[in-house]
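Scroll down for the structure; my scribbles are underneath it.
Nothing fancy with the numbering, it's 1 onward along the sequence.
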Amino acid sequence: MEDLVLKTLRSIRLEKNYSQEFISMKLNISQSYYGRIENGRAKLDISILFRILEVLQMDYFEFFRRIKDLEGNGGFLL
């Protein structure tokens, strides 16, 4: 499940043409730390997830709907 969360975050970030640097600046964290979150090498807790979704202007219901859709597609982004 965590892999799908991270894939979905990255996908939304890219759809919006946001860089990791932009997201990290908005979150007041280093770009390298954000990169580790997105790549699964740093823990993503729920509070950080909701902060990221806020920066991405993504409703969390929509976010989790996307994840559910990915689960139905075997985890592949279309």
Side-chain angles (χ1 to χ4, degrees):
M1 176 68 149
E2 184 178 350
D3 190 43
L4 292 176
V5 169
L6 299 176
K7 284 181 182 181
T8 304
L9 281 178
R10 183 173 191 273
S11 175
I12 294 167
R13 179 180 61 78
L14 294 174
E15 285 172 16
K16 294 187 175 272
N17 293 314
Y18 290 166
S19 66
Q20 287 185 348
E21 184 177 8
F22 174 79
I23 300 292
S24 63
M25 180 188 69
K26 292 291 192 177
L27 296 173
N28 199 28
I29 60 175
S30 72
Q31 185 277 323
S32 63
Y33 179 64
Y34 180 78
R36 288 194 311 271
I37 290 171
E38 201 173 89
N39 291 313
R41 293 182 306 213
K43 185 176 179 180
L44 173 64
D45 66 39
I46 196 73
S47 64
I48 294 175
L49 173 61
F50 285 153
R51 288 177 55 206
I52 294 169
L53 292 177
E54 187 176 302
V55 171
L56 293 172
Q57 301 170 343
M58 171 62 58
D59 177 82
Y60 60 88
F61 290 114
E62 173 63 18
F63 178 74
F64 288 107
R65 186 199 59 78
R66 285 186 181 211
I67 291 171
K68 184 172 172 56
D69 290 348
L70 280 177
E71 287 178 321
N73 291 320
F76 295 105
L77 294 174
L78 301 176

**Request:** Please name the pair of heavy atoms, one in Gln31 and one in Ser24, separated by the smallest distance, quoted to 0.1 Å.
**Result:** CA-OG, 3.4 Å

**Prompt:** Are Ile29 and Ile48 close enough that some pair of their side-chain heavy atoms sits under 4.5 Å apart?
**Reply:** no

**Message:** Suppose we screen for salt bridge (charged side-chain N to carboxylate O under 4.0 Å, His left out). Which residues come up paired with Glu15, at least two apart in sequence or across chains?
**Reply:** Arg66

**Item:** CD1 on Ile37 to CG on Leu9, rounded to 0.5 Å
**Value:** 9.0 Å

**Request:** May I ask whether Leu14 and Met25 are part of the same hydrophobic cluster, defined by side-chain heavy atoms of I, L, V, M, F, W, Y residues being less than 4.5 angstrom apart, directly or through others?
**Result:** no

**Prompt:** Could you go step by step and tell me if Phe64 and Thr8 meet the side-chain contact (heavy atoms from CB on, under 4.5 Å) rule?
**Reply:** CA-CA 9 Å; Phe64 288 107; Thr8 304; over 6 Å; no

**Message:** On a heavy-atom basis, which atom in Leu44 and which in Leu49 lie closest, and how many Å separate them?
**Reply:** CD1-N, 3.7 Å

**Asked** Can you pull the ring-ring contact (aromatic ring centres under 6.0 Å, His included) pairs that have at least one residue in residues 6-41, sequence neighbours excluded?
**Response** Tyr18-Phe22

**Spacing of CD belonging to Glu54 relative to CG belonging to Leu27, to within rounding of 0.5 Å** = 9.0 Å

**Request:** Quick one: list whatever passes side chain to side chain donor-acceptor pair (under 3.5 Å) with Ser32, sequence neighbours left out.
**Result:** Ser30

**Prompt:** Taking atom CG of Leu53 and atom CE of Met58, what is their separation to the nearest 0.5 Å?
**Reply:** 7.5 Å

**Request:** Just grab all the salt bridge (charged side-chain N to carboxylate O under 4.0 Å, His left out) pairs involving residues 37-53, residues at least two apart or on different chains.
**Result:** Arg10-Glu38, Arg13-Glu38

**Item:** Selection residues 55-65 - residue pairs positive for side chain to side chain donor-acceptor pair (under 3.5 Å), sequence neighbours left out
**Value:** Glu62-Arg65, Arg65-Asp69

**Complete:** Residue set satisfying side chain to side chain donor-acceptor pair (under 3.5 Å) with Glu21, at least two apart, ordered chain then number -> none

**Message:** Donor-acceptor check, side chain of Ser11 to backbone of Lys7, threshold 3.5 angstrom: yes or no?
**Reply:** no

**Prompt:** Can you find a pair of side-chain heavy atoms, one from Leu6 and one from Asn39, that are under 4.5 Å apart?
**Reply:** no

